[in-house]
Amino acid sequence: AKVIRGEKFNDFLFRVAGGTEASLRNIIIDGNSEANKNIGKSLIEVESDATLNINEGAVLRNNEIKAIENTATEGGAIHATDATINMIGGSVEENQATYGGGIYLYKTTMNFSGGVVQNNKSKLVYDKSYKQYYSAGGGILAYGGSTLNMSGDAKVLNNFAAETSLQSYRQLL
């Protein structure tokens with residue numbers, strides 16, 4: 001199966017509601033960033049007390065959340081709050097957000113034993129009111145007491161966070 005974001009649809013494509021569990025296998029979920037330049041949300045939202053299982057053949061890709069002035073965006077592919085994510089296969093790739101280019105975890109446990117998180121970007125945003133730059137977690141951002149348990153064949157490869165690049169700061173100045 002393949003799900004592609006519509007050119008004018010800018011919300012979450014899927015939501016795992018609180019108290020429920022969803023499993024992905026042999027599916028491509030594509031943010032369609034080439035055709036949609038106004039994406040405002042992750043591909044998937046995982047709500048409080050929900051569980052998302054990512055299995056073989058699941059690909060979450062190509063979701064570049066647009067930069068919003070004075071605001072940090074969260075989770076290019078996945079935005080999880082007080083939830084559980086079990087990734088035993090699949091791929092999270094070529095996504096973009098300010099916090100967690102691929103995956104944003106807040107008060108969430110991620111059990112990552114297989115698959116790959118690769119080629120995601122955390123884009124730098126400047127907040128004028130606080131005179132502060134935001135960018136963290138090119139591939140995965142574990143925040144607010146989150147736990148990331150990595151084991152087995154899990155891989156995090158070739159992700160980029162602008163916060164770690166002095167050149168990014170110089171380009172904005």
Review point. Within the side chain of R25, is there an N or O that forms a donor-acceptor pair under 3.5 Å with the backbone of G90?
Key: no
Exercise for review: May I ask you to test the L141-L105 pair for a side-chain heavy-atom distance under 4.5 Å?
Suggested key: no
Study note, to complete from the structure: Nearest heavy-atom approach of T73 to K66 is CG2-O, 3.7 Å
**Study point:** L157 side, atom CG; N119 side, atom CG - distance, nearest 0.5 Å
**Key:** 8.0 Å
Practice item. Would you give the length of the straight line joining atom CZ of F160 to atom CG of L124, rounded to the nearest 0.5 angstrom? Key: 8.5 Å
Practice item. Go through the side-chain N and O atoms of N111 and N149 and say whether any donor and acceptor fall under 3.5 Å apart. Key: yes
Check your understanding: Going through the checks in order, is the side chain to side chain contact (heavy atoms under 4.5 Å, CB included) test met by T84 and T108?
Key -> CA-CA 6 Å; T84 301; T108 292; 5.9 Å; no
Exercise for review: Taking atom CG of D127 as the centre, report whether more than 12 heavy atoms of other residues, nucleotides or ligands fall under 6.0 Å from it.
Suggested key: yes
Practice item. Can you spot which of L60, V116, I54 makes a side chain to side chain contact (heavy atoms under 4.5 Å, CB included) with S91? Key: V116
Practice item. May I ask you to say whether E47 pairs ionically with R15, meaning some side-chain N is under 4.0 Å from a carboxylate O? Key: yes
Check your understanding: Which of these passes side chain to side chain contact (heavy atoms under 4.5 Å, CB included) with N86: L52, T109, T51?
Key -> T51
Check your understanding: With side chains defined as the heavy atoms from C-beta onward, is the minimum distance between S113 and I88 less than 4.5 Å?
Key -> yes
Review point. Counting distance only, does the side-chain N/O of T20 pair as donor-acceptor with the main-chain N or O of A50 below 3.5 Å?
Key: no
Review point. What are the two closest heavy atoms between L43 and D30, and how far apart are they?
Key: CD2-C, 4.2 Å
**Study point:** Over 12 non-hydrogen atoms of neighbours within 6.0 angstrom of CD in Q132
**Key:** yes
Check your understanding: I44, V59: one ILVMFWY side-chain cluster at the under-4.5 Å cut-off?
Key -> no
Check your understanding: Under the 3.5 angstrom rule, does the side chain of N95 hit a backbone N or O of E64 as a donor-acceptor pair?
Key -> no
Review point. Just by distance, with hydrogens left out, do N36 and N10 show a side-chain donor and acceptor under 3.5 Å apart?
Key: yes
Review point. Side-chain donor-acceptor pair under 3.5 Å between E34 and N62, yes or no?
Key: yes
Check your understanding: Do any N or O atoms from the side chain of N159 and from the backbone of N120 form a donor-acceptor pair under 3.5 angstrom?
Key -> yes
Review point. With distance as the sole test, does S42 use its side chain to make a donor-acceptor pair with the main-chain N or O of G75 at under 3.5 Å?
Key: yes
**Study point:** Test item: T98 side-chain N/O and A72 main-chain N/O as donor-acceptor pair under 3.5 Å
**Key:** no
Exercise for review: Could you check R5 against N63 for side chain to side chain contact (heavy atoms under 4.5 Å, CB included), going step by step and ending with a plain yes or no?
Suggested key: CA-CA 9 Å; R5 180 185 292 281; N63 197 65; 3.1 Å; yes
Practice item. Flag yes if V156 and M87 sit in one hydrophobic cluster, no otherwise; membership is Ile, Leu, Val, Met, Phe, Trp, Tyr, and two members link when side-chain heavy atoms are under 4.5 Å apart. Key: yes
Check your understanding: Looking at OH of Y134 and CG of N70, how far apart are the two atoms once the value is rounded to the nearest 0.5 Å?
Key -> 8.0 Å
Point to revise | N/O donor-acceptor pair under 3.5 Å between S122 side chain and A136 backbone | key: yes
Review point. Under a single-linkage definition using a 4.5 Å side-chain heavy-atom cutoff for Ile, Leu, Val, Met, Phe, Trp and Tyr, are I85 and M150 assigned to the same hydrophobic cluster?
Key: yes
Point to revise | Criterion side-chain hydrogen bond (donor to acceptor under 3.5 Å, both in side chains) on E7 and N32, from CA distance to verdict | key: CA-CA 7 Å; E7 291 180 18; N32 195 22; 5.3 Å; no
Review point. Side chain to side chain contact (heavy atoms under 4.5 Å, CB included) with K2: which of I29, I27, I28?
Key: I28
Check your understanding: F14: what forms a ring-ring contact (aromatic ring centres under 6.0 Å, His included) with it, not counting sequence neighbours?
Key -> none
Review point. In the single-linkage hydrophobic clustering (I, L, V, M, F, W, Y; side-chain heavy atoms under 4.5 Å), do M110 and I78 co-cluster?
Key: yes
**Study point:** Residue pair I140 / F112, side-chain heavy-atom distance below 4.5 Å
**Key:** yes
Study note, to complete from the structure: For N55 and S23 the tightest heavy-atom approach is ND2-CB, 3.9 Å
Check your understanding: Is there a chain of hydrophobic side chains (I, L, V, M, F, W, Y, each step under 4.5 Å between heavy atoms) that links V92 to Y99?
Key -> no
Exercise for review: Looking only at non-hydrogen atoms, find the nearest pair between A161 and G138 and report the distance.
Suggested key: CB-N, 3.8 Å
**Study point:** Under 3.5 Å: donor-acceptor pair, side chain of S135, backbone of A162
**Key:** yes
Practice item. May I ask you to decide if the ring planes of Y143 and Y106 are parallel, tilted or perpendicular, using 30° and 60° as cut-offs? Key: tilted
Review point. Of the non-hydrogen atoms in F12 and H79, which two are nearest, and what is the gap between them?
Key: CE2-CB, 4.2 Å
Exercise for review: Would you confirm whether S146, through its side chain, and K107, through its main-chain N or O, come within 3.5 Å as a donor-acceptor pair?
Suggested key: yes
Check your understanding: Is any side-chain N of the basic residue among E94 and R61 closer than 4.0 Å to the acidic one's carboxylate O?
Key -> no
